[in-house]
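Comments concern the structure below.
All chains are named by letter (A, B, ...) in the order of the sequence lines, taking the proteins before the strands, and each is independently numbered beginning at 1.
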Amino acid sequence: MKILILNGNPDPNNTLFEEYLADLTEEMHALDNEVRQIKLRDLNIRYCTGCWGCWVKTPGKCVFPDDSQEVCREYVHTDFVLMASPVKMGFTTALLKKTQDRLIRILHPYVDLVENECHHHRRYDEYPKNGLLLERPQNIDDEDIQIMKDMYSRFSLNFKTELTFFGLTAQDVKEVARAIDNI
Amino acid sequence: MRLTIFNGSPRGKSSNTKLLMDQFTNGFCESAVSEVETVYLNRTKELPEQVDLFKKTEHVILAFPLYTDAMPGLVKAFIEELEPFCGRSGNPSIGFVVQSGFPEPNHSRFVERYLEKLSRRLGCRYQGTVVRGGVEGIRIQPNWMTRKLFKNFYELGKKYNEEKGFDREVMRKLAPREQLSKGRLLFFRLLNKAGKGNFYWDMQLKQNKAYEKRFDKPYQSTD
């Protein structure tokens, strides 16, 4: 399986998180997966301006060419995307969220009814399954976790896929690698 | 009372969020004893001053469009800056306005739960979250189509000042049902069958001479 890790950790000094992802990559490699990690903090990704250029001017492409192009290209060519982030103020980081905003170009502006609810039409034939991996600080409770799970499930529904994995960096890395490998 | 509106739309002063909040402000300003100030979070260079305003004001409204089922990235960046104020005494009360392009309020209910929890995390009195769907396109709609919506936001602002919070009845009027009604579902299906369901986007695609390219998959090839 082809796996893309979107590393949403903005802080290079958070070595625990970085080491966890490095170990996870190694474990998933050992299980015969092709793994690529993108460290979002090293890329030049601006905020989405909401101009809809990617829908009505240059369909499928953003009118601001920056490193988000690379993220989008990798995203549509992978089987599984693991969105990995420390939790800040009860949610994934702004670094990860701004990157998600820039993925909107891989959907189509047209609207379809999905179980009687409006959702975007697909632009690509296939979309990768999604996973969410969080580093949980002490001030985060189960309610916070549930809110994030539910919000990311909605993201996946709109991105023509499902949230098929959820994990915390407190879990054994081998166990997480096996769980992802079994998807 | 002193109210500060944080407009979290990436489009800033040309946003649909501003169109709605302008109506709110007009209603709010009917009573002369109150002060209201609006700042635009898309002016990211002003973030330190904006955070400072949060510290000093009495009441806050954070208004934003739903972006990929959550707050836009720049709103999350603002929220992260508020971390030092968690549990501080003297925090403002806080309310939220979430608007979406999708017509159903249901899309915004998930981030609403986050926002309610955020108020608790900050230790701010929670005023509630006003949810409104179907907002994309209001800029080009004729007056008769937006009259009711704008009137409701005006009322919301007027009553906010009187009641120090969002009026529940106006909130209900802005989100009368969570999902599309059977009638609207039928209308939507008929419109789609007639090939007119996406006229708003087709019109813009044609204006930009991009209509023929609308199904392009620029990242499909691996080279």
Side-chain angles (χ1 to χ4, degrees), chain A residues 47-53 55-61 69 72-77 88-106 108-113 116-119 121 123-125 139 143-144 146-148 150-159, chain B residues 9-12 15 42 44 65 67-83 86 101-104 106-107 110-111 113-114 117-118 121-122 133 136 179-180 182 185 188-189 192 197-198 200-205 207-208 210-211 213-220 222:
Chain A
Y47 289 120
C48 176
T49 63
C51 72
W52 293 149
W55 279 352
V56 301
K57 284 186 182 149
T58 53
K61 273 189 181 168
Q69 296 181 108
C72 288
R73 186 175 287 278
E74 286 290 328
Y75 190 99
V76 298
H77 286 290
K88 280 190 159 197
M89 290 296 275
F91 201 69
T92 54
T93 60
L95 177 63
L96 177 61
K97 185 59 200 13
K98 77 169 176 182
T99 307
Q100 288 173 249
D101 293 348
R102 299 292 299 285
L103 290 171
I104 197 71
R105 78 190 78 164
I106 68 170
H108 199 280
Y110 287 1
V111 164
D112 294 328
L113 289 174
N116 289 336
E117 192 174 75
C118 292
H119 290 277
H121 191 68
R123 180 178 294 284
Y124 291 90
D125 300 329
N139 59 354
E143 185 190 18
D144 293 307
Q146 194 59 49
I147 288 170
M148 282 184 274
D150 291 348
M151 286 177 70
Y152 272 84
S153 297
R154 292 291 294 185
F155 171 87
S156 299
L157 176 62
N158 251 326
F159 277 79
Chain B
S9 171
R11 292 181 189 163
S15 60
N42 73 330
T44 48
Y67 266 39
T68 66
D69 295 276
M71 72 303 275
L74 68 88
V75 172
K76 182 61 197 348
F78 173 70
I79 290 170
E80 288 178 13
E81 293 300 313
L82 303 181
E83 189 159 13
C86 285
F102 288 130
E104 306 95 340
N106 184 53
H107 294 273
F110 299 83
V111 74
R113 282 164 53 205
Y114 170 77
K117 185 71 195 276
L118 174 66
R121 174 167 275 116
L122 283 163
E136 179 65 26
Q179 301 282 359
L180 293 179
K182 280 187 179 151
L185 279 171
F188 191 87
R189 288 203 176 94
N192 263 357
N198 296 298
Y200 174 75
W201 300 110
D202 286 344
M203 180 188 70
Q204 296 183 61
L205 281 158
Q207 274 169 4
N208 296 318
Y211 185 73
K213 293 189 290 182
R214 68 194 184 283
F215 293 117
D216 274 9
K217 301 170 182 175
Y219 303 117
Q220 189 71 64
T222 39

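At a threshold of 4.5 Å between non-hydrogen side-chain atoms, the residues A:N116 and B:Q179 do not count as touching. In this structure, A:L113 and B:L180 have side chains that are in contact, with non-hydrogen atoms separated by less than 4.5 Å. At a threshold of 4.5 Å between non-hydrogen side-chain atoms, the residues A:F155 and B:F110 do not count as touching. Side-chain contact check for B:V75 versus A:K97: every heavy-atom pair is 4.5 Å or farther apart. B:W201 is not listed as a side-chain neighbour of A:H108, based on a closest heavy-atom distance of 4.5 Å or more. The closest side-chain heavy-atom distance from A:D144 to B:R121 is below 4.5 Å. A:P109 has its side chain out of reach of B:N198: every pair of non-hydrogen atoms, C-beta onward, lies at least 4.5 Å apart. Within the 4.5 Å cutoff, the side chain of A:R105 has heavy atoms near those of the B:Y219 side chain.
For B:F102, the part lying under 4.5 angstrom from a heavy atom of chain A is the side chain only. Using a 4.5 Å cut-off between heavy atoms, B:I79 contacts chain A through both its backbone and its side chain. The parts of B:E80 that come within reach of chain A are both its backbone and its side chain, each placing non-hydrogen atoms under 4.5 angstrom from that chain. For A:V76, the part lying near chain B is the side chain, with the backbone staying farther off; criterion is any non-hydrogen pair under 4.5 Å. Heavy atoms closer than 4.5 Å to chain A are found nowhere in B:M203, neither backbone nor side chain. Residue contact with chain B, scored on non-hydrogen atoms closer than 4.5 Å, involves the side chain of A:Y47 exclusively. Of the atoms belonging to A:T93, heavy atoms from both backbone and side chain fall under 4.5 Å from chain B. With a 4.5 angstrom heavy-atom cutoff, B:Y200 does not touch chain A via any of its atoms. Contacts between A:Q146 and chain B at a heavy-atom distance below 4.5 Å involve backbone atoms as well as side-chain atoms. Looking at B:P218, the atoms closer than 4.5 Å to chain A (heavy atoms on both sides) sit in the backbone and in the side chain alike. For B:T44, the part lying under 4.5 angstrom from a heavy atom of chain A is the side chain only. Residue B:F78: no heavy atom, backbone or side chain, is found under 4.5 Å from chain A. Looking at B:K217, both its backbone and its side chain come within 4.5 Å of chain A, counting heavy atoms on both sides. Using a 4.5 Å cut-off between heavy atoms, A:F159 contacts chain B through its side chain alone, with no backbone atom that close. In this structure, chain A has heavy atoms under 4.5 Å from both the backbone and the side chain of B:E83.
Not one N or O on the side chain of A:K88 forms a donor-acceptor pair closer than 3.5 Å with the backbone of B:K76. In this structure, B:H107 contributes its side chain and A:E117 its backbone to no donor-acceptor pair below 3.5 Å.
Once rounded to the nearest 0.5 Å, the distance linking CE of A:M89 with NZ of B:K117 reads 11.5 Å. Here the CH2-CD distance, from A:W55 to B:Q204, works out to 10.5 Å after rounding to the nearest 0.5 Å. With values rounded to the nearest 0.5 angstrom, A:L103 atom CG is found 14.0 Å from B:Y67 atom OH.
The two atoms that bring A:D101 and B:G73 nearest to each other are OD2-N, 2.7 Å, heavy atoms only. A pairwise comparison of heavy atoms in A:C48 and B:P10 identifies O-CB, 3.1 Å as the closest pair. Minimum interatomic distance between A:G90 and B:Y114 (heavy atoms only, all atoms of both residues): O-CE1, 3.5 Å.
Put simply, of B:N42, B:N106, B:N208, the one with the most heavy-atom pairs under 4.5 Å next to chain A is B:N208. When each of A:I106, A:D125, A:I147 is checked for heavy-atom pairs under 4.5 Å with chain B, A:I147 comes out on top. Of the listed residues B:P72, B:G12, B:G197, the one with more heavy-atom pairs under 4.5 angstrom with chain A than any other is B:P72. Of the listed residues A:T99, A:T92, A:L157, A:L96, the one with more heavy-atom pairs under 4.5 angstrom with chain B than any other is A:T92. The residue among A:M148, A:E74, A:H121, A:Q69 with the most heavy atom pairs within less than 4.5 Å of chain B is A:Q69.
Under the rule for a salt bridge (charged side-chain N to carboxylate O under 4.0 Å, His left out), the partners of A:R102 that lie at least two apart in sequence or sit in another chain are A:D66. Scored by the salt bridge (charged side-chain N to carboxylate O under 4.0 Å, His left out) test, B:R11 finds B:E136 as partners (sequence neighbours excluded).
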Any chance you could lay out the side-chain contact (heavy atoms from CB on, under 4.5 Å) test for B:D69 and A:M151, step after step, and finish with the verdict?
-> CA-CA 7 Å; B:D69 295 276; A:M151 286 177 70; over 6 Å; no

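Between A:T58 and B:K213, the side chains place no donor N or O within less than 3.5 Å of an acceptor N or O (distance only, hydrogens not considered).
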